[in-house]
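Right, one structure below, let's go through it.
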Amino acid sequence: MSRRKKKLAAALVASAIVWTAAASPAPVQAGNEKNRTTKVVTFASQALAGDSTKGNDELTYKVYLPKGYDKARAEGYPVLYLLHGSHGDETGWDDFWDTLDDMIESGSIDPVIAVVPSSGNSYWVDSGKFGAYESAVTQDLIAKIDEDYNTAADRSGRYLMGYSMGGYGALRYALEYPELFSAATLLSPAIQKDEPPATSGAVERGSFGDPYDPEVWTAKNYLSALESYAKQPHRVPVYIFAGDDDWNHLSEKEDLPEDAYKYNMEVQAVQLYQELHRKNLFALPFEKWEDVPGNPAELRIIDGGHDTDLWLTGFRDGLLYMLEGSESDALSPVYDAGQYAPKHKGTVTTETASLSALSADAADGSEMNYRLYLPHGYKSDNKTRYPVLYLLHGSGGTETSWDPFWPILDTMIEEKRIPPVIAVAPVTGNSYWVDSDKFGSVESAFIHDLIPLIDSSYNTMASREGRGLVGFSMGGYGALRYSLTHPELFGGATLLSPAIQDGEAPATSGAVERGSFGEPFDPERWTELGYPKALKEYAKKKLPVPMYIMTGDDDWNHLSEKEDLPEDAHKYNMEAQAVSLYEQLHRSNLFALPFEKWEDVPGSPAELRIVNGGHDMDVWASGFEQGLPYLFANGLQSATAGFKDMEKHWAKAAVDSLVMKGIAAGRTDDEFAPDADITRAEFTVMLAHALGLSVEAGAEPPFADVDGSDWYAEAISAAEAAGIVTGDGDGKFRPGEPITREEIAALGERALDRLSEGTSSAGGGPTAAFTDAGRISGWAQDAVRRLTAEAIMEGYPDGSFGPGRHATRAQSAVIISRLIARFE
C-alpha cells in the first residue's frame, strides 16, 4: 500500500486528548506476552459539538496498535474500524484482541491498526436523541486516526467490521461512503430489508425518531443506500456472517406476529446477499446463463447464536476475506477425491427390483435399479443389524450418481465418524421422486415396495431409527418430501442444495419442464405435493425428523436465465429457499408446543449451513461429511447386534461393537445372555479375536481337556502360543468353568503388553483402595492395579473389586471393548 497522509485538517478542531486506563491494560499480556498496545482516547468532535444534543461533544475510542508498531514505517498500516453492538462502548471488542494478535503473529494477515469508537445505542446514525455519531465517525474520527497514527490514509487502507447493531452501521457506512472504505464484514447484522420488528432497538431506542418514525428508518435503511451506491464507481466487498441459531424474534411471542421469524438475522443476511450479490445491482450487460455481475460479497451461515463465540469465527474469516487471505476449509470447502483413501472398502453393486407399484401404474416398466453399498465386514449370516441410508440423486440421475460418495462413506466409517451402514441409491431419472404419469409411481414404489424389500433382503434395523435420507438437488426435494410425509419411516435427513420452493416453481425449473408435476405442468399438482402443504400434515403427526440443510452461497442463480424469469428471480435461489425452509421447520413453533416468552422456540430439529460454493461436489461432499454425523447424533441409531435381551442393557454399545467386528457372538440367535457367567473358553475366544490371534489349522491343542474339534480349540491354542493363557498348572484349561474377575485382570494385563508391544508401564494405584483388597491373589495384584488405573476395569459401587466373583458376559464385553479402544 502507498503511504499517503491525508490530514483532513479542515475537519479537525483543536482536540483535548485524554488517556485513560483501558479495560485490558496496555501493553496487554494474554498467555505469552503479545506486546500489543491498546489505548483509550477521548477527543472533541466537531460533528458532536455541532449537533442538537447538548453536553455530548466528545467521541471516545480505543486504538489497538500491533506488536512492533512503527510510527515511521514507510508503508502506512491499514486500519480496521470496529463497530460495537447495542449498549456497547470502546471495550466492546476486547475479546477479539487475542485472535487479532495470533493472526498477525502467524502471518495470516499483515499488521493492522484497529479502532473501536463508542456510540452507545446510536445505531451509528446521526440522530436527535444520541447525536451525530455517523458524522463523527466518518468525518472526525477517520481524520483524527490518520493524523495521529501511521495509517494507509485512503480507502484502500480502511476496513469496516461490526456485530449486531454494529453490523447495521458497517453496512450503512460501506454503502454511503464507499470512497472511504475498501471492504466490510457484518457479523449477525441487525438489519432489516423492510420494516423492523416493533420490539427491535431500531424502533424502541430513538435513533430513527423518538417516537420511531418509519420514514426516517426508510431513508437510512440499506435499500435506500443501495440506490446511490449503485450509481457511483467504487465497489465495497461485503462479508456477511450469521449463526443459524441467532436471535429468534418469534420468542418474543405476543409482541410479534406468528411469522416473526422473517425478522431473524439469518433470514435478513440471506436477503441482503441477494440484493448485493445475486442481483444485477449495477445494471451491467451479461450473457444468458453467465454469472450475474453483482457487488462482490460472500455469505456464511454456521452453527451458533448471537454471541462472541460465533463472532470470533466470523472475525477471523472476515479479516481473511477483506485482506485477501484464504478462508478456513470449513467455510470454503474444496472437494478433493484423493483425500479419501480408506484401507477397507465396502462392496458396491447394481441391483434390479421388480416393484408392484410400478407394475400397477400407467408408465412403462416395473423395475427399478438401485446401487447397493454394504460396509466392509458385512456378513449376511450374522446378527448385526445395520442402519440404512437412502440416497436420492439429482436430475438425470444414473447408477453412477453416488459413486464419488462411496470413498467418503468408507473413510467416515473407517475413521469411526459414523458407524457402519448399508446404503441404497435408487435410480429414477428426472422423476422428482413423486408419483407421476410420465415417470411412474416412484414415491409409492420407494415407500411401499423398495423399503420392505431392503429390510427383507439385508441385515437392516427395519425401524425409523434405522433409516436416514440424503439427497442432493432434485434428490433434496425428495428427501424433504419423504421426511415430512412419512416421518414414521425415517429418523433423519440431509438435504444438499435442495431443489425446493416455498411457493410457485420457476418457469425454467425441472419441476415445470420435465413432466413430474403434469405434462403440461399443473400448478395445482405442484402445490399438492409441495413441502408447505406437507409441513402441515407433518406438524400434526409430531414425529420430528432431524434435518441437516446445506447449500452454497454461489448455488445456481435463477436470475442468470434472464428473460425467462422476472427481475426478482433471485427469490428462487437455493440459499434463499434453504433459509425459508429452515425458518418454517426449526425457527417457528411448528408443533404448537408450549414455551415461555424469551425461551427457545421448540421447532423441529434442524441445522442450516451456507458455505462458499456452488451446485457441486465442493458443497455436497462437505455437507455429506457433516450431515451424517448430525443424523447419528440426533436419533439415527448405530448398528446393533439385534439381541432381544440387549435392547435396553447398559452394555449394549459394547456388545453391538464386538458383534459387528466378529469378536463376540450370542448364546443363541436371539439372545446374548449378558448377565450370565462367561466361561473361560468364551472369554478366551473373545480376547483372541480382539487381538487377531491365530494358529495353523489342525495344530494340536496344548491342554488335555481341549479337543481339536471343539469350537474354541483354535482360539485357546492361539492365546496359549501368544502367552496370554497358561492353564491351571496340571495340563488342563477347564474351558467350561466360569472365569473370575481377577483371572480376567491377569489375561487383560497380558493383552495390554501385547497391544502396547511392551511400552506400557505396569504402574497404577494401590489395590488397597478396594474394601476387599486382601482377597486379591498375589499373582493378580499388579494386573488389578494396572487395569483399574487405566480404567479398563473398575470396582463395584460398594467399594469392592470382587476378585473371586464370576464375570458376566456383559462385563467381559465392556472390558474387551475398552482394551481395544485403548490402542485404536
Side-chain angles (χ1 to χ4, degrees), residues 161-164 167 171 184-193 238-250 261-278 297-318 320-321 327-333 476 494-498 500 502 546-557 570-571 573-588 600-601 603-615 618-620 622-623 625-627 630:
M161 187 178 292
Y163 62 78
S164 195
L171 175 62
T185 292
L186 319 180
L187 308 177
S188 300
I191 57 175
Q192 294 292 327
K193 182 179 177 181
V238 180
Y239 190 83
I240 310 166
F241 191 90
D244 66 337
D245 297 311
D246 233 306
W247 179 251
N248 190 341
H249 286 279
L250 194 62
Y261 54 77
K262 67 186 179 185
Y263 300 123
N264 291 347
M265 290 180 177
E266 66 273 20
V267 177
Q268 294 301 320
V270 171
Q271 290 185 357
L272 170 63
Y273 182 70
Q274 301 303 307
E275 295 294 324
L276 273 177
H277 185 67
R278 304 284 267 170
E298 297 290 334
L299 170 67
R300 307 288 180 264
I301 306 291
I302 70 166
D303 184 31
H306 200 69
D307 53 41
T308 303
D309 288 341
L310 178 84
W311 300 334
L312 281 168
T313 299
F315 178 77
R316 181 193 65 230
D317 283 81
L320 291 171
Y321 170 75
E327 286 184 85
S328 60
D329 292 341
L331 298 183
S332 187
T494 293
L495 315 181
L496 308 174
S497 301
I500 56 175
D502 177 10
M547 295 191 202
Y548 194 90
I549 309 164
M550 178 179 258
T551 186
D553 68 335
D554 297 313
D555 229 307
W556 180 251
N557 190 343
H570 55 81
K571 69 184 179 183
N573 291 346
M574 288 182 176
E575 68 274 20
Q577 291 299 319
V579 77
S580 179
L581 167 64
Y582 180 72
E583 297 306 303
Q584 296 178 71
L585 189 68
H586 181 65
R587 303 281 267 170
S588 69
D600 289 341
V601 179
S604 186
E607 295 288 332
L608 172 67
R609 304 288 183 271
I610 299 179
V611 298
N612 184 35
H615 201 67
D618 285 343
V619 172
W620 300 339
S622 180
E625 288 194 67
Q626 295 177 43
Y630 170 79

Worksheet item: With a 4.5 Å limit on heavy-atom distance, are the side chains of His306 and Ser164 in contact?
Response: yes
Fill in: Interatomic spacing from CD in Glu575 to CG in Leu608 - rounded to 0.5 Å
10.5 Å
Worksheet item: Between Gln271 and Gln192, is any side-chain donor less than 3.5 angstrom from a side-chain acceptor?
Response: no
Worksheet item: Can you tell me how far the CD1 atom of Ile500 sits from the CD1 atom of Ile549, to the nearest 0.5 Å?
Response: 7.0 Å
Discussion item. Applying ring pair (Phe, Tyr, Trp, His ring centres under 6.0 Å), can you list everything that pairs with Tyr548, at least two apart in sequence or on another chain?
Written reply: Tyr630
Fill in: Residues that Ser332 engages under side-chain hydrogen bond (donor to acceptor under 3.5 Å, both in side chains), provided they are two or more places apart
Asn612
Worksheet item: Hey, what do you get for CD (Gln274) to NE2 (His570), rounding to the nearest 0.5 Å?
Response: 6.5 Å
Practice prompt. Check side-chain hydrogen bond (donor to acceptor under 3.5 Å, both in side chains) between Asn248 and all other residues, then give those that pass, not counting sequence neighbours.
Written response: Asn264
Worksheet, complete the sentence: Taking every heavy atom of Ala578 against every heavy atom of Thr551, the minimum-distance pair comes out as CB-CG2, 4.0 Å
Discussion item. The criterion is side-chain hydrogen bond (donor to acceptor under 3.5 Å, both in side chains); which residues satisfy it with Asp502, sequence neighbours excluded?
Written reply: Ser580, Gln584
Discussion item. Ignoring hydrogens, what is the shortest heavy-atom contact between Ser588 and Val601? Give both atom names and the distance.
Written reply: C-CG1, 3.6 Å
Practice prompt. Indicate yes or no: at least one non-hydrogen side-chain atom of His277 is less than 4.5 angstrom from one of Asp554.
Written response: yes
Worksheet item: So which heavy atom on Ile240 is nearest to which on Ala269, and how close?
Response: CG2-CB, 3.7 Å
Fill in: Non-hydrogen atoms of Asp244 and Asp303 that approach each other most closely
OD1-CA, 3.3 Å
Practice prompt. Just do the side-chain contact (heavy atoms from CB on, under 4.5 Å) check on Thr313 and Ile302 with the steps written out, would you?
Written response: CA-CA 9 Å; Thr313 299; Ile302 70 166; 4.0 Å; yes
Worksheet, complete the sentence: Sequence neighbours excluded, the answer for side-chain contact (heavy atoms from CB on, under 4.5 Å) partners of Ser604 is Tyr538, Pro544, Leu585, Leu590, Phe591
Worksheet, complete the sentence: All heavy atoms of Ser497 vs all of Gly552, minimum pair found to be OG-N, 4.4 Å
Worksheet entry | Expected output: side-chain Gln268 to main-chain Lys262 donor-acceptor under 3.5 Å | yes
Worksheet item: Quick one: are Trp620 and Met550 in side-chain contact, heavy atoms under 4.5 Å?
Response: no
Practice prompt. Quick one: list whatever passes salt bridge (Lys or Arg N to Asp or Glu O under 4.0 Å) with Glu607, sequence neighbours left out.
Written response: Arg609
Response to the item:
Across all chains, not counting sequence neighbours, the ring pair (Phe, Tyr, Trp, His ring centres under 6.0 Å) partners of His586 are Tyr582
Discussion item. The criterion is side-chain hydrogen bond (donor to acceptor under 3.5 Å, both in side chains); which residues satisfy it with Ser328, sequence neighbours excluded?
Written reply: Asp317
Worksheet item: Hey, what do you get for CG (Leu171) to CG (Leu186), rounding to the nearest 0.5 Å?
Response: 5.5 Å
Item to complete: List in chain and number order the residues that pass salt bridge (Lys or Arg N to Asp or Glu O under 4.0 Å) with Arg587, two or more places apart in sequence or in another chain; answer none if no residue qualifies.
Response: Glu266
Worksheet item: What distance do Met574 atom CE and Trp556 atom CH2 have between them, rounded to the nearest 0.5 Å?
Response: 10.0 Å
Fill in: Inter-residue atom distance Trp311.CH2 - Tyr163.OH, 0.5 Å rounding
6.0 Å
Item to complete: Search all heavy atoms of Tyr239 against all heavy atoms of Gly318 and return the closest pair with its distance.
Response: CD2-CA, 3.5 Å
Practice prompt. Tell me, please, which residues at least two apart from Asp553 pass salt bridge (Lys or Arg N to Asp or Glu O under 4.0 Å).
Written response: Arg300
Item to complete: Only counting residues at least two apart or in another chain, list the ones meeting salt bridge (Lys or Arg N to Asp or Glu O under 4.0 Å) with Lys571.
Response: Glu504, Asp568
Worksheet item: Given the rule in the side-chain contact (heavy atoms from CB on, under 4.5 Å) test, do Val619 and Val611 qualify, once you have shown the distances and angles that lead to the verdict?
Response: CA-CA 7 Å; Val619 172; Val611 298; 4.2 Å; yes
Fill in: Pairing residues for Phe241 by the ring pair (Phe, Tyr, Trp, His ring centres under 6.0 Å) criterion, not counting sequence neighbours
none
